[in-house]
*Asks:* 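One structure, pasted below without further comment.
Just so we're on the same page: letters track the sequence lines, and every chain starts at 1.
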There are 2 protein chains.
Amino acid sequence: MPFLKHLWKPSKSIFFYALLMALLVFALKWMQWKYLIADHSVDIYIGLIALFFTILGIWVASQLAKPKIETVVVEKEVYIVPPEEFVLNEAELKKLNLTTREYEVLQQLSKGLSNAEIGEQLFLSLSTVKTHVSNLFFKMDVKNRTQAIEKAKRLKLTP
Amino acid sequence: MPFLKHLWKPSKSIFFYALLMALLVFALKWMQWKYLIADHSVDIYIGLIALFFTILGIWVASQLAKPKIETVVVEKEVYIVPPEEFVLNEAELKKLNLTTREYEVLQQLSKGLSNAEIGEQLFLSLSTVKTHVSNLFFKMDVKNRTQAIEKAKRLKLTP
DNA sequence: CCCATTTTGGTACTTTAGTATGAGACGCTC
DNA sequence: GAGCGTCTCATACTAAAGTACCAAAATGGG
């Protein structure tokens with residue numbers, strides 16, 4: 001009977017109930033000497049005791065058999081990606097009305113390359129790079145390359 | 001006491017237990033006449049009845065009371081922040097061994113300001129700004145301001 | 001107070017960036 | 001083919017950036 005296992009669990013309560021039961025027995029014994037020695041109402045006496053202790057047993061069982069609520073906490077992780085990969089903002093790019101070559105120069109510019117290095121990368125003379133860069137600044141409405149880089153990254157035109 | 005509601009539910013069982021109880025009382029009455037009239041072992045008799053009916057009550061309660069095991073599953077959503085706000089990388093900053101003033105210049109530099117503008121912001125002459133900037137490039141191991149900005153942002157030294 | 005570091009500023013110079021202007025070559029379209 | 005836009009490159013110039021070296025003033029700790 002698996003129920004009994006639960007009965008023995010709360011050891012502190014056991015002593016309390018045992019003490020309570022002892023007191024009741026003592027009280028009943030006292031009542032026995034006072035009222036029941038004389039007459040023959042032993043049947044009623046026994047019945048009352050049986051009824052009382054049955055109810056007591058039920059009550060004890062109800063007290064010991066506690067709700068027993070098992071709370072299972074399941075942590076559900078809501079993952080929100082931080083990678084933040086580069087997605088070209090084509091709308092903004094189109095607004096600027098850059099030519100193909102100008103955009104290529106802008107990409108190199110955003111890498112932090114100098115005009116000479118851009119020329120090496122795209123096989124252009126320094127003059128040509130300067131021309132593209134200058135036109136780039138005009139179209140982008142900036143005054144120097146650092147502002148151009150900042151704006152290009154902010155508008156998601158370059159990584 | 002909500003427990004009693006469960007007791008009254010199975011009406012068929014009630015008659016069975018009532019009948020059982022009646023039989024037991026009858027049996028006890030018979031035992032009473034046979035063994036216990038003569039002597040003074042009424043105490044033991046009462047104790048046995050009390051014990052028996054307590055156990056009976058417990059048993060009845062355990063039979064009638066449902067398992068009563070409630071499993072509550074609580075789903076706890078744990079969010080992982082995406083804000084990605086600027087957090088200064090103090091470790092990397094310390095590695096560079098920049099002076100206070102140099103770092104202030106770097107902060108303005110990262111905004112895309114020219115040397116002259118940085119001078120206006122920090123109330124410095126162009127010469128002083130150039131000195132700081134030059135020392136900055138040496139300590140950061142870069143060749144120009146665009147690389148310095150790129151590195152500062154990558155190492156989370158500036159927003 | 002002394003010393004090391006920082007901060008500030010200067011001069012002189014080189015390099016790079018950026019502007020302005022022009023011009024030749026190419027491809028496309030009307 | 002004329003016109004247009006793009007791409008290329010050049011020259012000339014100015015502005016800004018960057019380097020090198022020096023030095024005075026301020027700062028802060030032992």
*Asks:* Rounded to the Å, how far apart are Leu98(A) CG and dG5(D) P?
*Replies:* 16 Å
*Asks:* Looking across every strand, which nucleic acid part, if any, lies under 4.0 Å from Thr100(B) by heavy atom: base, sugar-phosphate, or nothing?
*Replies:* sugar-phosphate
*Asks:* Should the pair Arg154(A)-Glu150(A) be classified as a salt bridge under the 4.0 Å nitrogen-to-oxygen rule?
*Replies:* yes
*Asks:* Hey, does Leu126(A) reach any base, or is it just sugar-phosphate, or nothing, if we go heavy atoms under 4.0 Å?
*Replies:* nothing
*Asks:* If only side-chain N and O atoms of Asn115(B) are considered, is one of them under 4.0 Å from the OP1 or OP2 phosphate oxygen of dA17(D)?
*Replies:* yes
*Asks:* Counting only side-chain N and O atoms of His132(B), is one of them less than 4.0 Å from OP1 or OP2 of dT8(C)?
*Replies:* yes
*Asks:* Is a salt bridge present between Lys139(A) and Glu102(A), judged by a nitrogen-to-oxygen distance below 4.0 Å?
*Replies:* yes
*Asks:* Does the side-chain contact (heavy atoms from CB on, under 4.5 Å) test come out yes or no for Asn135(A) and Phe137(A), once each step is laid out?
*Replies:* CA-CA 5 Å; Asn135(A) 294 334; Phe137(A) 294 168; over 6 Å; no
*Asks:* Locate the shortest heavy-atom distance separating Leu157(A) from Tyr103(A); write the atom from each residue and the value.
*Replies:* O-OH, 2.7 Å
*Asks:* With DNA chain C as reference, determine whether Phe123(B) or Asn144(B) sits nearer its 5' end, using the nearest nucleotide of each.
*Replies:* Phe123(B)
*Asks:* Which nucleotide wins on minimum distance to the side chain of Thr131(A), given the candidates dG18(C), dA10(D), dG18(D)?
*Replies:* dA10(D)
*Asks:* Base, sugar-phosphate alone, or nothing: which one does Thr128(B) contact when heavy atoms must sit under 4.0 Å apart?
*Replies:* base
*Asks:* Which nucleotide in the list dT16(C), dT8(C), dG18(D) gets nearest to the side chain of Arg101(B)?
*Replies:* dT8(C)
*Asks:* Phe137(B) CZ to dA16(D) C1': how many Å, rounded?
*Replies:* 12 Å
*Asks:* Grab the CG-P distance between Leu124(A) and dA10(D) for me, whole Å please.
*Replies:* 11 Å
*Asks:* Within the structure, does a side-chain N or O atom of Ser125(B) lie under 4.0 Å from either OP1 or OP2 of dG10(C)?
*Replies:* yes
*Asks:* Lys130(B) side chain: which of dT6(D), dT8(D), dG18(D) is closest?
*Replies:* dG18(D)
*Asks:* Just the rounded figure in Å: distance from P of dC4(D) to CG of Asn97(A).
*Replies:* 17 Å
*Asks:* Over how many whole Å does the gap from Asp141(B) atom CG to dG18(D) atom P extend?
*Replies:* 15 Å
*Asks:* Would you mind checking if Lys95(B) and Glu90(B) are paired as a salt bridge, meaning a charged N to carboxylate O distance below 4.0 Å?
*Replies:* no
*Asks:* Any side-chain N or O of Ser134(B) less than 4.0 Å from the OP1 or OP2 oxygen of dT19(D)?
*Replies:* yes
*Asks:* Using OP1 and OP2 only, check whether a side-chain N or O of Ser127(B) sits under 4.0 Å from dT8(C).
*Replies:* no
